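What follows is one structure encoded as structure tokens, with my remarks underneath.
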Amino acid sequence: MTRTPLTTLDEVQLLDTTLRDGEQMPGVSLTPAEKVDIARELDAAGMHLIEAGSACTSDGEREAIRRVASEGLDATVTSFARGVKADIDHALDCGVDGVNLVVPASDKHVETKVGSTRDEVVETTVELVEYAKDHGLWVEVLGEDGSRADLDYLERLLGAGLDAGADRICYCDTVGAADPERTADVVSRLADRGPTSLHTHDDLGFGVANVHAGLKAGADTVHGTVMGVGERAGNVALEEVAIALDQSYGIDTVELERLYRLCRTVSEATGVALPPNKAVCGANAFAHESGIHTDGTLKDGTMYEPYPPETVGRERRLVLGKHAGRAGVKAALAEHDVAVDADELSQVVSRVKELGDRGKRVTDADLLAITEDVQGRERDRRVELVDLSATSGGNLPTASVRLRVGDDERVASGTGSGPVDAGLEAVRAALAGDSAVEGVSFDLDSYHVDAITGGTDAVVTVEVDLSRGDRSVSVSATDADITRASVVAMVDGLDRLLSAAAEDGSVPDAASLADD
């Protein structure tokens, strides 16, 4: 595609505020350790600036910011600061590189929120910028609710900040109320005064569009959060900004191949699931089920994808269901090193479609079981769940499992954050025989639960994706007990992985597994 010039810049800087604005999302609270983990991932991806939190919040928040600031990151680490001197002092005490000084810009905020006047806000802003600069801090001045502010006053306020020594100013669409045209008008005025950033929210769905309008109008830095987490409808998603600027305009921001890993890290820390239809990080972003789409994609990856999944650290995924075609089923079987002739393939495709017509997602385990039946093959299970017990009423959830491994039985227990986690740890312990610890290691890549009946006796289906090295498998199990369904799915998936690994010689055979 012919690229339309957006800006004269070769690089746009990104400021991540996941650890501050993102944490303001209802239900999200990050520990100091989680903030450090996310900050490390942000830095590894090449994030330019990281707003580590709001130092005025609490002692615990200050401890988290101190830990991030002491990591020796390449990124500039900042703290959010309100328009009061004490906030800057708290930031200094945390050892950050700079502050994001937020001052009221709209009359609604100036008069109603803080009970002040325009002149007083300008005077206070100048004093605080000078104070922060005198103490060696990098300073950005943000005009809160700037998208709804009087433009002449906003320019006067932020211009005064620059004149006082601020390093840059920021256009804030605090409540996501602006459209791209308004954004362009405001930013073009501000950018004439000095370096200008963009802070947009997605309440009208204009988050990315407003970023593009602002960059085209002269801004050079974008605030946002990973996955777009944040208050209300969230902030603009930095991974979407990064990939769009690269693919559409050839503008560099961060290391794109680390974006998916970064999204996974934030999802796990915040408890916010990755939406399946989300750009870059969604489960369906590079998934194909339709026979026509799958066939075309297998012939040419660009047929139905705007960019290769490897660009953002992903892999293409073929999903089987009622829309599946011969090419997709054959390719899915090839991933498991299973060959079929034309007649067998027709039978497998027909049975896959039958399952899909019943509203069922066809997992790898389903596909392999169907193929084994069509080919008349019997498979000896390498690992099978014999018994499971779990308790979660005390302070430490525990679970114990009895597995049949080859001709042997193994019993082990585990603890975890919940009964499902404890069950997983028990399975790991049962399989960690002295001679095969590495051979049975595996990763739980995804875990999804669907209630398929209502009421307190609901039956649930648990779907898991497990991987071992470069092999992966998807499995589902249904039960009235979510813990049992989860463990059964994990054990079935692991059984498939071990069977495949035994064929290529990368794991000991059943006899070795059974030998303690």
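What you see is a predicted model; the values in this text were computed from it and never measured.
Inspection of the N210 and T200 side chains reveals no N or O donor paired with an N or O acceptor under 3.5 Å. In the model, D21 has a side-chain atom that pairs as donor or acceptor with a side-chain atom of H199 under 3.5 Å. Checked by atom type, the side-chain pair T117/D119 shows no donor-acceptor distance below 3.5 Å. Residues T76 and D97 have side chains that never bring a donor and an acceptor to within less than 3.5 angstrom of each other. Using modelled atom types, one finds a donor on one side chain and an acceptor on the other under 3.5 Å when comparing E140 with S197. With 3.5 Å as the limit, one finds a donor-acceptor pair spanning the side chains of T183 and Y171.
Contact check for L256 versus D246: side-chain heavy atoms found under the 4.5 Å cut-off. You'll find the side chain of V226 reaches within 4.5 Å of the side chain of L42, heavy atoms only. No side-chain heavy atom of L424 sits under 4.5 Å from any side-chain heavy atom of V420. In this structure, the side chains of V122 and Y153 come closer than 4.5 Å at one or more pairs of heavy atoms. Within the 4.5 Å cutoff, no side-chain heavy atoms of V475 are placed close to those of L466. Side-chain contact between T78 and R20 is absent, with no heavy-atom pair separated by less than 4.5 Å. Residues T270 and M25 have side chains not in contact (no heavy-atom distance under 4.5 Å, counting atoms from C-beta outward). Two residues are said to be in side-chain contact when any heavy atoms from C-beta on lie closer than 4.5 Å; F286 and V312 meet this criterion.
Not one N or O on the side chain of R261 forms a donor-acceptor pair closer than 3.5 Å with the backbone of E41. Although no hydrogens or angles enter the test, the distance criterion places a donor-acceptor pair under 3.5 Å between the side chain of D179 and the main chain of E181. For the pair E23 (side chain) and L30 (backbone), a donor-acceptor distance under 3.5 Å is present. Between the R182 side chain and the S147 main chain, a donor and an acceptor come within less than 3.5 Å of each other. Formation of a donor-acceptor pair under 3.5 Å by the S70 side chain with backbone atoms of R67 is found in this model. Remark: the backbone N or O of V139 is paired with a side-chain donor or acceptor of D167 at under 3.5 angstrom. Judged purely by atom type and a 3.5 angstrom limit, S413 has no side-chain atom pairing as donor or acceptor with the backbone of A426. A side-chain donor-acceptor contact under 3.5 Å links E239 to the backbone of M227. Under a 3.5 Å cut-off, the side chain of D43 and the backbone N or O of A75 do form a donor-acceptor pair. One N or O on the side chain of T196 and one on the backbone of G194 form a donor-acceptor pair closer than 3.5 Å.
Heavy-atom contacts from other residues, nucleotides or ligands closer than 6.0 Å to CD of E127 number more than 12. Around the CG atom of D10, the shell of radius 6.0 Å holds no more than 12 heavy atoms that belong to other residues, nucleotides or ligands. Other residues, nucleotides and ligands contribute over 12 non-hydrogen atoms within 6.0 Å of the CZ atom of R66. More than 12 heavy atoms of other residues, nucleotides or ligands sit less than 6.0 Å from atom CG of D185.
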Subject >> Intermediate values then yes/no, salt bridge (charged side-chain N to carboxylate O under 4.0 Å, His left out), R168 and D220 >> reply: CA-CA 10 Å; R168 61 173 43 252; D220 60 8; 2.9 Å; yes

**OP:** Show your reasoning for whether side-chain contact (heavy atoms from CB on, under 4.5 Å) applies to T124 and V103.
**Re:** CA-CA 9 Å; T124 299; V103 294; over 6 Å; no

Original post:
Can you list the steps and then say if D145 with K113 is a side-chain contact (heavy atoms from CB on, under 4.5 Å)?
Top reply: CA-CA 11 Å; D145 203 26; K113 180 181 175 181; over 6 Å; no

Original post:
Does the side-chain contact (heavy atoms from CB on, under 4.5 Å) test come out yes or no for W138 and N100, once each step is laid out?
Top reply: CA-CA 9 Å; W138 174 91; N100 306 99; 3.9 Å; yes

**OP:** Run the numbers on L274 and Y260 for side-chain contact (heavy atoms from CB on, under 4.5 Å), then give the verdict.
**Re:** CA-CA 10 Å; L274 298 171; Y260 181 59; 4.2 Å; yes

Subject >> Full working for salt bridge (charged side-chain N to carboxylate O under 4.0 Å, His left out) between E61 and K35 >> reply: CA-CA 10 Å; E61 179 77 342; K35 285 203 173 191; 2.9 Å; yes

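For the atom pair H201 NE2 and T225 OG1, the distance stands at 8.5 Å (nearest 0.5 Å). Rounding to the nearest 0.5 Å places OG1 of T253 at 8.0 Å from CE of M47. A distance of 9.5 Å separates CG in L154 from OG in S106, rounded to the nearest 0.5 Å. For the atom pair D421 CG and T483 OG1, the distance stands at 10.5 Å (nearest 0.5 Å). To the nearest 0.5 Å, the span separating CG on D16 from OG1 on T18 amounts to 3.5 Å. Atom CD of E11 sits about 11.0 Å away from atom CG of L245, to the nearest 0.5 Å.
Residues L259 and A242 approach most closely at CD1-CB, 4.2 Å, considering heavy atoms. A55 and S79 make their closest contact through N-OG, 3.1 Å (heavy atoms, listed as atom of the first residue, atom of the second, distance). Minimum interatomic distance between V141 and G161 (heavy atoms only, all atoms of both residues): CG2-CA, 4.4 Å. Annotation for H48 and V12: closest pair CE1-O, 3.6 Å, computed over non-hydrogen atoms. Across every non-hydrogen atom of A178 and L204, the tightest pair is O-CD1, 4.2 Å. Closest non-hydrogen pair, G230 versus N235, comes out as CA-OD1, 3.6 Å.
Qualifying side-chain hydrogen bond (donor to acceptor under 3.5 Å, both in side chains) partners for R314, counting only residues two or more places apart in sequence or in other chains: none. Under the ring-ring contact (aromatic ring centres under 6.0 Å, His included) criterion, H135 pairs with Y131, not counting sequence neighbours. Partners of V208 by side chain to side chain contact (heavy atoms under 4.5 Å, CB included), not counting sequence neighbours, listed by chain and number: H212, V236, E240.
For R428 and E425, the salt-bridge test passes: some basic side-chain N is under 4.0 Å from an acidic carboxylate O.
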